[in-house]
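Worksheet for the structure shown next.
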Amino acid sequence: MKIKYFDNEIDKVEKISAGDWIDLRAAETVTLKAGEFKLIPLGIGMKLPRGYEAHVVPRSSTYKHFGVIMTNSTGIIDNSYAGDNDQWFFPAYALRDTTINKNDRICQFRINEVQPPIKFIEVEHLDEVDRGGIGSTGVN
């Protein structure tokens, strides 16, 4: 997979031996007050393989360490976002005053196959047993 670094001071992206997700780092030091939003540059761009997209999410320790959440829960980057200026970003919302230092690991990504073509067929009834609505596993 082709990768472009917008910042040569951050550690290079690498697959670690444990786990399926790949960590990404802040490409600048960011100080946020509670309630502030910032698109934090990740210092990289990639040309994903044809038929794949990247899913970017916070690391499990991101909130604990930095007090930020990702504003859209999951970032989806399709393989057409691969121009020379298409840097990846982490949209952070601070729930407490915080500083994220350049090179801190703040999010992670993996690639997945894109959804195959689908066709919707309108029906009056679905032919499965009701599970009991939202939030129900079907068990009392």
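- In this structure, Phe89 is not a member of the same hydrophobic cluster as Phe6, with clusters built from ILVMFWY side-chain heavy atoms closer than 4.5 Å.
- Residues Ile10 and Asn103 share a closest heavy-atom pair of CA-OD1, 3.2 Å.
- With rounding to the nearest 0.5 angstrom, the CG atom of Asp78 is 8.0 Å from the CG atom of Leu48.
- With respect to the salt-bridge test (charged N to carboxylate O, under 4.0 angstrom), the residues Glu28 and Lys38 qualify.
- In this structure, CG on Asp104 lies 9.5 Å from OG1 on Thr99, to the nearest 0.5 angstrom.
- Annotation for Cys107 and Val56: closest pair SG-CG1, 3.9 Å, computed over non-hydrogen atoms.
- For the pair Trp88 and Met46, the minimum side-chain heavy-atom distance is below 4.5 Å.
- Rounding to the nearest 0.5 angstrom, the gap separating the NZ atom in Lys47 from the NZ atom in Lys4 is 14.5 Å.
- Note that CZ of Phe109 is 15.0 Å distant from CZ of Phe90, once rounded to the nearest 0.5 Å.
- If you take CZ on Arg59 and CZ on Arg25, they are separated by 8.5 Å, rounding to the nearest 0.5 Å.
- Linking Ile, Leu, Val, Met, Phe, Trp and Tyr whenever their side-chain heavy atoms come within less than 4.5 Å puts Ile44 and Ile22 in one cluster.
- Inter-residue side-chain proximity for Pro91 and Phe37 is flagged as met; some heavy-atom pair is nearer than 4.5 Å.
- In this structure, the side chains of Glu53 and Asn79 stay at 4.5 Å or more apart for every pair of heavy atoms.
- The neighbour count for Lys12 NZ, taken as heavy atoms of other residues, nucleotides or ligands under 6.0 Å away, is above 12.
- Hydrophobic clustering, with ILVMFWY side chains joined whenever heavy atoms are under 4.5 angstrom apart, groups Tyr93 together with Tyr63.
- Closest approach of Asn72 to Gly75, counting heavy atoms only: ND2-CA, 4.0 Å.
- Tested against His55 for a side-chain contact (heavy atoms from CB on, under 4.5 Å), the candidates Asn112, Ile77, Ile111 yield a single pass: Asn112.
- The structure places CG of Asp86 at 8.0 Å from OG of Ser80, a figure rounded to the nearest 0.5 Å.
- Residue Tyr5 is grouped with residue Tyr81 when hydrophobic side chains (ILVMFWY) are merged at heavy-atom distances under 4.5 angstrom, including chains of intermediate members.
- No more than 12 heavy-atom neighbours from other residues, nucleotides or ligands sit within 6.0 angstrom of OH on Tyr52.
- Under a cut-off of 6.0 angstrom, the local environment of CD1 in Ile3 is crowded, with over 12 non-hydrogen atoms contributed by other residues, nucleotides or ligands.
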Hey, mind stepping through Thr98 and Val68 against side chain to side chain contact (heavy atoms under 4.5 Å, CB included) and telling me if it holds?
CA-CA 8 Å; Thr98 190; Val68 297; 3.9 Å; yes

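- Cluster membership for Leu42 and Met1, using ILVMFWY side-chain heavy atoms within less than 4.5 angstrom, is shared.
- Side-chain atoms of Asp23 do not come within 3.5 Å of backbone N or O of Gln108 as any donor-acceptor pair.
- Closest approach of Arg110 and Trp21 over heavy atoms only: CD-CZ2, 3.2 Å.
- Between Arg105 and Leu24, the closest side-chain pair of non-hydrogen atoms is not below 4.5 Å.
- Atom NZ of Lys15 has more than 12 heavy atoms from other residues, nucleotides or ligands within 6.0 Å.
- Of all heavy-atom pairs spanning Ala26 and Ile40, the tightest one is CB-CG2, 3.9 Å.
- Of all heavy-atom pairs between Thr29 and Lys102, the closest is OG1-N, 3.0 Å.
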